[in-house]
Chemist: 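Below you'll find the structure I mean.
Residues take their numbers from the sequence shown, with the count starting at 1. The structure presented is a predicted model; accordingly, all values stated were derived computationally and were not measured.
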Amino acid sequence: MIRTLSFLLAVLLIAAIAPARDLPDPSCVLVSLDDTERLLMIPDPDGNAYASFEVTVIDMWDCTTPIPNALVEVIVGGAIDEKTGLCEGGASTFGTTDENGFVRMNVRGGGCLKGRPDAVVIRVDGVEIRHYGAVVSPDYAGADNEGIPGRFDLQIDPVDLAGFAAAYRGGTGGPSCHDYDNDGGTGPRDLAVFVSAYAGGATACDP
């Protein structure tokens with residue numbers, strides 16, 4: 001009995017002094033979306049470069065040690081009210097960091113959702129590290145600035161082109177669901193994204 005108690009105490013002591021499992025620290029994790037604070041989605045089976053972003057996961061102890069094999073989850077709000085949709089269905093896209101704690105993510109889908117703090121949430125190993133208030137896509141047949149249900153169909157076609165043109169206004173458009181760089185207006189940089197995604201009206205999720 002005494003030997004058993006001694007063993008248990010030794011196990012508890014080792015657990016108390018041993019380093020805990022590496023966990024991400026939101027203030028240490030690097031996310032390239034911090035530049036625009038919005039998620040851009042394109043229903044492109046090849047993963048359009050304009051829609052990719054990078055995450056580098058660093059541990060919570062020294063903010064320098066990368067965490068390999070960390071599970072990165074991007075959760076897109078708006079699925080229930082049909083303001084957004086993913087090519088794969090559901091509301092989440094997953095990725096795993098490499099030996100340098102790095103992963104490049106590309107969430108494929110369409111729609112628009114703005115003004116909600118949980119429009120997009122990023123978690124690493126279950127820990128929330130970021131949330132942003134905007135999800136936008138060229139796959140959106142409207143010129144509003146909030147997101148209306150059913151304005152996407154997971155393909156970019158002439159109807160979306162008309163929606164973009166209405167928001168663009170010759171390069172002088174104001175905030176809209178087609179303001180892809182989240183700079184407060186729908187201008188030439190947004191046009192470059194739309195043109196890249198449009199591909200002659202042939203861009204769509206995998207059949």
Chemist: Linking Ile, Leu, Val, Met, Phe, Trp and Tyr through side-chain heavy atoms less than 4.5 Å apart, which residues share a cluster with Tyr140?
Modeler: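 Same cluster as Tyr140: Ile148.
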Chemist: Do Val121 and Arg130 come within less than 4.5 Å of each other through their side chains, counting heavy atoms only?
Modeler: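 The answer is no, as the side chains (C-beta and beyond) never meet within the 4.5 Å cut-off.
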Chemist: Are Val103 and Val124 connected in a single hydrophobic cluster, I mean Ile/Leu/Val/Met/Phe/Trp/Tyr linked by side-chain heavy atoms less than 4.5 Å apart?
Modeler: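 The answer is yes; both residues are in one hydrophobic cluster.
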Chemist: Nearest 0.5 Å, what's the OG-CD1 distance between Ser27 and Ile129?
Modeler: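 Interatomic distance, Ser27 OG to Ile129 CD1, rounded to 0.5 Å: 10.5 Å.
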Chemist: Looking at CG of Asn106 and CD1 of Ile42, how far apart are the two atoms once the value is rounded to the nearest 0.5 Å?
Modeler: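 Reported value, rounded in 0.5 Å steps: 7.5 Å.
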Chemist: Evaluate the ring planes of Phe164 and Tyr180, with Trp represented by its six-membered ring, and classify them as parallel (under 30°), tilted (30 to 60°) or perpendicular (over 60°).
Modeler: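 Plane angle under 30°, so parallel.
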Chemist: Specify the closest pair of heavy atoms between Ala134 and Lys114, including all atoms of both residues, with the distance to one decimal.
Modeler: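 The pair with the smallest heavy-atom distance is CB-CG, 4.1 Å.
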Chemist: Check whether any side-chain heavy atom of Val107 lies under 4.5 Å from a side-chain heavy atom of Val76, and answer yes or no.
Modeler: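 A side-chain contact exists here, since the closest heavy-atom pair is under 4.5 Å.
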Chemist: Donor-acceptor pair, Thr186 side chain versus Gly174 backbone, under 3.5 Å?
Modeler: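 Pair found, side chain donor or acceptor close to backbone of Gly174.
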Chemist: Checking the side chain of Asp160 only, and the main-chain atoms of Gly163 only, is there a donor and an acceptor separated by less than 3.5 Å?
Modeler: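 No: the side chain of Asp160 does not pair with the backbone of Gly163.
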Chemist: Determine the minimum heavy-atom distance between Thr97 and Ala70, stating which atoms define it.
Modeler: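 Of all heavy-atom pairs spanning Thr97 and Ala70, the closest is OG1-N, 2.8 Å.
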Chemist: With the side chain counted from C-beta on, respond yes when Leu33 and Tyr132 share a heavy-atom pair under 4.5 Å apart, and no when they do not.
Modeler: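 Side chain of Leu33 against side chain of Tyr132, heavy atoms only: contact under 4.5 Å found.
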Chemist: Applying the 4.5 Å side-chain criterion to the ILVMFWY set and letting contacts propagate, would Phe94 and Val74 be lumped into a single cluster?
Modeler: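 Hydrophobic grouping puts Phe94 apart from Val74.
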Chemist: Using salt bridge (Lys or Arg N to Asp or Glu O under 4.0 Å) as the criterion, list what pairs up with Glu54, not counting sequence neighbours.
Modeler: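 Per chain and number, Glu54 pairs via salt bridge (Lys or Arg N to Asp or Glu O under 4.0 Å) with Arg104.
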Chemist: For the residue pair Glu73 and Ser92, establish whether any side-chain heavy-atom pair is separated by less than 4.5 Å.
Modeler: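 Yes, close enough: below the 4.5 Å cut-off.
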Chemist: Which heavy atom of Val159 sits nearest a heavy atom of Ala141, and at what distance?
Modeler: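 Between these two residues, the closest heavy atoms are CG1-CB, 3.5 Å.
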Chemist: From Ser196 OG over to Asn48 CG, what is the distance, rounded to the nearest 0.5 angstrom?
Modeler: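 Rounded to the nearest 0.5 Å, the OG-CG separation comes out at 4.0 Å.
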Chemist: State the CD1-CG distance between Ile58 and Leu30, to the nearest 0.5 angstrom.
Modeler: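 Between Ile58 CD1 and Leu30 CG, I get 5.5 Å after rounding to 0.5 Å.
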Chemist: In Å and rounded to the nearest 0.5 Å, what is the CG to CD1 distance from Leu39 to Ile122?
Modeler: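 The distance works out to 7.5 Å.
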Chemist: Does Gly77 offer a backbone N or O that forms a donor-acceptor pair with the side chain of Thr84 under 3.5 Å?
Modeler: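 Such a contact is found between Thr84 side chain and Gly77 backbone.
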Chemist: Checking Ser176 against Asp179: is there a side-chain donor and acceptor pair closer than 3.5 Å?
Modeler: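 No, no side-chain donor-acceptor contact under 3.5 Å.
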Chemist: Distance from Ser137 atom OG to His178 atom NE2, nearest 0.5 Å?
Modeler: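 Result: 8.5 Å between the selected atoms.
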Chemist: Got a list of side-chain donor-acceptor pairs under 3.5 Å for residues 197-207, not counting sequence neighbours?
Modeler:
| unit_1 | atom_1 | unit_2 | atom_2 | d |
| --- | --- | --- | --- | --- |
| Thr203 | OG1 | Ala197 | O | 2.4 |

Chemist: Is the shortest heavy-atom distance from the side chain of Leu40 to the side chain of Phe53 under 4.5 Å?
Modeler: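 Answer no - side chains too far apart.
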Chemist: Hey, is the main chain of Glu37 close enough, under 3.5 Å, to the side chain of Asp34 for a donor-acceptor pair?
Modeler: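 The answer is no, because no donor-acceptor pair under 3.5 Å joins these two groups.
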Chemist: Is there a side-chain contact between Lys83 and Pro149 (heavy atoms, below 4.5 Å)?
Modeler: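 Yes, side chains in contact.
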Chemist: Return the minimal non-hydrogen interatomic distance between Gln155 and Asp153, and the atom names on each side.
Modeler: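 Scanning both residues, the minimum pair turns out to be O-OD1, 2.9 Å.
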Chemist: Hydrophobic clustering (ILVMFWY, side-chain heavy atoms < 4.5 Å, transitive) - are Val120 and Leu154 grouped together?
Modeler: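 No: no chain of side-chain contacts under 4.5 Å links Leu154 to Val120.
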Chemist: Any salt bridge between Asp139 and Arg151, counting N to O under 4.0 Å?
Modeler: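 Answer for the salt bridge query: no.
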Chemist: Treat each ILVMFWY residue as a node, draw an edge where side-chain heavy atoms are under 4.5 Å apart, and state whether Val136 and Met105 are in one component.
Modeler: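 Each belongs to a different hydrophobic cluster.
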Chemist: Under a 4.5 Å cut-off applied to non-hydrogen side-chain atoms, are Val29 and Val55 in contact?
Modeler: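 When only atoms from C-beta onward are counted, Val55 and Val29 do touch, with a gap below 4.5 Å.
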Chemist: If I compare all heavy atoms of Glu82 with all of Phe152, which pair ends up nearest, and what's the gap?
Modeler: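 That closest heavy-atom pairing would be O-CE2, 3.3 Å.
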Chemist: Taking Arg38 first and then Asp181, would you say they form a salt bridge - that is, a charged N and a carboxylate O separated by under 4.0 Å?
Modeler: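 No, this pair does not count.
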Chemist: Between Arg108 (side chain) and Cys87 (backbone), is there a donor-acceptor pair under 3.5 Å?
Modeler: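 Judged by distance alone, no pair lies under 3.5 Å.
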Chemist: For Thr96 versus Asn69, what's the shortest heavy-atom pair and its separation?
Modeler: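 The pair with the smallest heavy-atom distance is CG2-CA, 3.6 Å.
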Chemist: Give a yes or no on whether the backbone of Phe102 and the side-chain of Asn100 come within a donor-acceptor separation of less than 3.5 Å.
Modeler: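 Answer holds: no.
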Chemist: Do Tyr168 and Leu191 touch side chain to side chain, with heavy atoms closer than 4.5 Å?
Modeler: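 Answer yes - side chains close enough.
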